[in-house]
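See structure below.
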Amino acid sequence: MQELWGRKVLLKEIKQLTNHYQCLPTMKERTSRSIQCLRCGQLHEKQTVKLFNGVYFCPACIQLGRVDTGQCFYHLPEPELIPRSVDFSWEGELTKGQQEVSDSLLTSADKGESKMVWAVTGAGKTEMLFNTIHDCLGKGKRVAIASPRVDVCLELFPRIQAVFPNEEMILLHGKMEEDYRYTKLLVCTTHQLLRFFQAFDLLIIDEVDAFPFVGNPLLQYGVVQAIKKDSSLIYLTATPTQELMKMTNQNQLKLSILPARYHRRCLPVPKIKWSKHWQKKITHGKAPKGLITLIRQLLVDNDLLIFCPSIVQMEQLEKILNGIFSDIPLTCVHSQDTDRIKKVLNMRQKAYRILITSTILERGVTFDGVSVIVLGANHPVFTVAALVQIAGRVDRKMIYTAGEVWFLHDGCTQTIKEAVQQIKKMNRIGRERGLIDEL
Ligand SMILES: [Zn+2]
């Protein structure tokens with residue numbers, strides 16, 4: 001029975017069906033010609049989704065198992081909340097900025113209010129959640145932490161389990177092997193939320209601006225469906241989308257800003273440098289002069305991440321650098337690279353000094369002692385969010401290594417300027433609030 005609490009699943013997704021359940025419709029006719037899927041919210045022209053037996057289905061969320069009008073969703077409402085005692089094991093200490101956000105989250109969760117936390121890269125977001133999660137669990141509430149990115153979920157799960165050592169937890173994502181079971185606390189991908197209905201009193205979405213959540217109406221519908229009526233929805237981001245900012249400006253969403261990192265140093269401000277004809281040069285196997293000088297200079301203090309707009313350019317640059325820096329271990333990595341995980345690990349363990357990469361490493365990975373160069377920062381693949389995230393790879397650890405961020409371009413864009421302005425703005429707010437010590 002517990003298996004169905006707050007769930008919205010098809011018969012084949014259920015391990016053990018008892019006599020006690022509710023049936024919810026899978027699709028709803030919106031007009032005489034259109035029908036809406038009630039798992040992912042997508043509207044379809046009836047004619048285009050009609051099967052030979054007269055049944056309608058949803059192609060939009062079919063990767064989660066086919067929803068059609070010949071089936072129903074099985075569901076049971078979550079029973080009343082029963083306060084309980086929850087073991088909490090965290091010895092760390094929050095900084096002043098973290099404490100302020102943590103307190104505001106506690107209030108929001110209590111009031112059933114939604115909120116966006118804009119915390120700069122490397123601020124220490126996860127720790128700020130612990131008190132609120134603890135408080136909610138203690139009140140008998142059900143809590144989920146979701147992220148669009150599996151790697152974020154995989155990293156979050158053990159950290160949260162360690163803080164709530166005696167709490168039953170489950171991790172849900174597309175490739176999981178573990179069977180679903182009811183727990184009061186869970187970590188999942190945003191896709192998995194499509195299988196919940198009025199389940200959570202507190203739903204936290206980490207990296208809300210990341211692919212594939214951003215601009216994805218299916219996943220956003222899933223969030224709205226997964227929360228209870230008087231629940232609190234918390235969005236966490238270092239680079240909020242314009243849509244989220246608009247919601248906070250219109251006061252539909254409360255906003256808390258954490259403008260400074262836990263180590264109280266300001267965010268490294270990117271240096272912008274013009275690199276004449278760099279694309280033409282590397283296509284012809286030649287090194288842009290300024291780039292080589294810069295690499296030499298940055299390698300004195302730190303290892304180096306070089307972001308490139310395309311795989312071809314990454315590979316061309318790798319060849320050129322191998323010729324010039326024959327004694328320096330380097331490699332390149334991109335999304336189609338089967339050795340991707342191994343290479344990233346090797347870079348973290350200092351087996352390489354230079355890693356040439358695509359935007360796959362713009363977030364989610366922390367390297368010790370690195371500087372960053374974005375080659376072709378004016379390319380459209382580097383959005384404001386991508387540039388801010390990339391700059392945020394530098395100086396994340398407690399020990400200062402004088403890491404630098406360089407944006408190289410052959411035509412400065414508004415996007416580059418906006419990214420730099422956003423970083424400077426956060427540093428300004430951090431100083432004003434006394435959260436930054438000057439070096
Ligand atoms: Zn659907």
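These figures come from a predicted structure and were not determined experimentally. Both ligands and their constituent atoms are indexed starting at 1 by order of listing.
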Checklist line | side-chain contact (heavy atoms from CB on, under 4.5 Å) evaluation trace for I133 with I204 | finding: CA-CA 10 Å; I133 296 174; I204 299 160; 4.2 Å; yes

Notebook entry, point to check: Is there side-chain contact between V9 and L4, with at least one heavy-atom pair below 4.5 Å?
Noted result: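 When only atoms from C-beta onward are counted, L4 and V9 do touch, with a gap below 4.5 Å.
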
Note to self: Given a threshold of 2.8 Å, state how many protein N/O/S atoms are nearer than that to the Zn ion (ligand 1).
What the structure shows: 4

Notebook entry, point to check: Under the criterion salt bridge (charged side-chain N to carboxylate O under 4.0 Å, His left out), which of K229, K228, K184, K141 is the partner of D201?
Noted result: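 Per the salt bridge (charged side-chain N to carboxylate O under 4.0 Å, His left out) rule, the option paired with D201 is K228, out of K229, K228, K184, K141.
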
Notebook entry, point to check: What residues, two or more places apart in sequence or in another chain, satisfy ring-ring contact (aromatic ring centres under 6.0 Å, His included) together with H134?
Noted result: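 In terms of ring-ring contact (aromatic ring centres under 6.0 Å, His included), with neighbours along the sequence ignored, H134 is linked to F88.
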
Checklist line | Aromatic plane relationship, Y180 with F196 - under 30° parallel, 30 to 60° tilted, over 60° perpendicular | finding: perpendicular

Margin query: As an exercise, state the distance from NE2 of H44 to CD of Q36, rounded to the nearest 0.5 Å.
Written below: 9.0 Å

